[in-house]
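Heads up, the thing below is written out as structure tokens.
Just follow the structure's listing: the first ligand is 1, and inside any ligand the first atom is 1. In this text, all values refer to a predicted model and were calculated from it rather than measured experimentally.
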Amino acid sequence: MEKFRELGLEGEILKGIEDLGFEVPSPIQEKVIPVILGEENDLVALAQTGTGKTAAFGLPLLQKLDTSLSVIQVLILSPTRELCMQIASDLQKYSKYRADIRVTCVYGGADIRRQIKELERGVQVLVATPGRLCDLIKRGAVNIESVRAVVLDEADEMLNMGFKEDLNFILDETPEQRNTYLFSATMPREVERIARNYLRHPQEIAVGKKNQGADTVSHEYYQVLAKDCYETLHRVIDCAPDMYAIIFTRTKVDAREIARKLQKDGIDCDALHGDLSQSQRDDVMERFRAKRLKVLVATDVAARGLDVDNLTHVINYNLPEDVESYTHRSGRTGRAGRAGISVAIIHSKEKGKLRRIENMLKKKFQYREVPGGEEVCRAQLSYYADKILAAEPKETLDKFQQELYAKFADLSKEELIRKMMSYEFGKLLKKYASVADLNLAVEERHEKKKEEHFDFTTFSVNVGREDGFTPRDLMAIINENAPRRGIEIGNIRIFENNAKFEVDLRGVDGFKSHFRNVNFNGLPFVLTEVKDRYGRDRQEKGGRNRDFGGGKRRSTANNKWRSEKRRNEGSTRGRFGEKKKGVDNGRKGRKNR
Ligand code: ADP
Ligand code: MG
């Protein structure tokens, strides 16, 4: 508690967090609390989920309230209904001993009239989703002119969810002289833009991964044929009897489909996706939180920001397109210092995507063999045996003891164990008595495809979309000038002013020199070798996604995101890794003719 006091927190607020069992501030709290308690500081804070952001902004803002007034002084914007409720409930807990503080939340999908009534009773802290708050402002049901502090929580998520216009509208409605505190796990361009437009000389704080959950996550992958992905998932689940996990899928159709299959296969699970009604969502979440569901199958959007602790695994049934989504997903496990496992189930074609994510994360995925039947059964039997061993004999059983002993009198201990396990695991043992080795399938295929193993070098050229340059032009130039036929060309990416492509240079001599006198549309065609296989330029590699960690690196990363608009325009990754229109991402395995 002393540490919190040293940061400037006092009295009833300290008592509130003491009740919650907080002992020392988390790193982000240590940095953010004094800034917010100080005067006139805007703030950009980079920190992943699970680092304790709610208390970082919540505690100082609650303390700074002028409770003699019952107007809205603090506005917290957050992407989803669940998150809003979570934040409001957290703030209510922190201010448990402050009867004079009133916090409420408003969000879509719930009765707006009730929310209006609630607002009419006067609140000082309003937690809102941008969409619903806009509605309320436009109806004149809420006045945010008295707001002194605005928190943008999970700003990247809000923008990903398409709240950009709403955010602009809301921020324009708040008074000039407010303070704005922006929290985000990642800093994509859209977030930079909001920060540039709406924050005044913000202080920048980044919390590295060192002290966070993220470092306690190990990353693993299974590589199988596409048709075996589901079976692999099933075995991975069966092989971890104490699993409590979220399975991420790319689409809601997948989420629904996989949840249904798993249910049929006897696994306690359900799906969470955008097509559910609010009450269905609540129901699913309640069952998952109560651990009546072992796994939740969800899309990224649906699972955004859910504060579910103790996940043992996060499973990427489909790898996301970009490292940001992956970071978000895997950040759901390994929280509060506990070990977590982030699993990716990939098919052979996704290896490249996995490598890209590895490069950006600067972490290696551990290859795992898909468990065979024996392994699954062993895991289940041993887990069950441990449970039995750990059970406390109940006294109420005494009465029945003699009858039970008599029933089993003729069985030896060995026979009893066999019967008990057969009864409990009959179905499982039968299913796994003989199952295919899914790893073999991959290996066999690898044998066949060995000759197709590429070793790409990336080149960049000085012409791009603006010069009318297309992948077809590139292939034409290569066909015309390359030293020989059959050279393997990998990814081709066309940017605004340049382009990048991959070439397998094995057995090719002096590739570059053959393009010395080539022109494209009157421009000299200049090839430059790029170090990174994936052609990411250093600025992007230098990673706002990863280098939140301290020191020199961080400051360069931070300086960069302020002024690199132009360079970023060339990225093929638009919003959350979607490809921008008109950018040909190329395809693997072209050969020059
Ligand atoms: P974030 O918003 O960064 O994802 P939260 O604010 O939701 O993280 O906090 C994650 C979890 O950590 C919550 O369960 C919260 O109660 C807990 N927590 C936050 N700060 C502390 C602290 N100083 N000590 C112990 N637990 C904390
Ligand atoms: Mg949060």
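- Short contacts between ligand 1 and T51, defined as distances under 4.0 Å to a heavy atom of the residue, involve ligand atoms 1 (P), 3 (O), 8 (O).
- Of all protein heavy atoms, the one closest to atom 7 (O) of ligand 1 is T54 OG1, 3.7 Å.
- Within a 4.0 Å radius of atom 11 (C) of ligand 1, the protein has no heavy atom.
- Taking a 6.0 Å sphere around NZ of K164, one finds it holds 12 or fewer heavy atoms contributed by other residues, nucleotides or ligands.
- Exactly one of Q177, R178, E176 qualifies for a side-chain hydrogen bond (donor to acceptor under 3.5 Å, both in side chains) with T174. That residue is R178.
- When heavy-atom distances to ligand 1 are checked against a 4.0 Å cut-off, Q29 comes that close only through its side chain, counted from C-beta outward.
- At a 3.5 angstrom cut-off on N or O pairs, G52 counts as close to ligand 1.
- The single protein non-hydrogen atom nearest to atom 14 (O) of ligand 1 is D309 OD2, 3.5 Å, given as residue, atom name and distance.
- The atoms of ligand 1 that sit less than 4.0 Å from any heavy atom of S26 are 23 (N).
- Residue contacts with ligand 1: K53 is placed with a nitrogen or oxygen under 3.5 Å of a nitrogen or oxygen of the ligand (distance criterion only).
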Kindly determine whether R102 and T104 satisfy side-chain hydrogen bond (donor to acceptor under 3.5 Å, both in side chains), including the steps that lead there.
CA-CA 7 Å; R102 282 191 311 280; T104 197; over 6 Å; no
Dump the intermediate steps for side-chain contact (heavy atoms from CB on, under 4.5 Å) on L59 and Q29, then the final yes or no.
CA-CA 9 Å; L59 298 172; Q29 291 163 1; 5.6 Å; no
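- In terms of protein heavy-atom proximity, atom 4 (O) of ligand 1 is closest to G50 N, 2.6 Å.
- In terms of protein heavy atoms, atom 13 (C) of ligand 1 is closest to D307 OD2, 4.2 Å.
- Heavy atoms of F4 found under 4.0 angstrom from ligand 1 belong exclusively to the side chain.
- The distance criterion of under 3.5 Å between nitrogen or oxygen atoms is met by V24 with respect to ligand 1.
- Ionic pairing of E6 and K3 is not present here: no N-O contact between side-chain nitrogen and carboxylate oxygen is shorter than 4.0 angstrom.
- Checked options D156, T327, N160; the residue passing with T186 is D156 (criterion: side-chain hydrogen bond (donor to acceptor under 3.5 Å, both in side chains)).
- Protein heavy atom in closest approach to atom 18 (N) of ligand 1: F22 CZ, 3.5 Å.
- Scanning both residues, L119 and A141, for their nearest heavy atoms gives CD1-O, 4.1 Å.
- K53 forms no cation-pi arrangement with F183, by the criterion of a distance under 6.0 Å to the ring centre and an angle within 45° of the ring axis.
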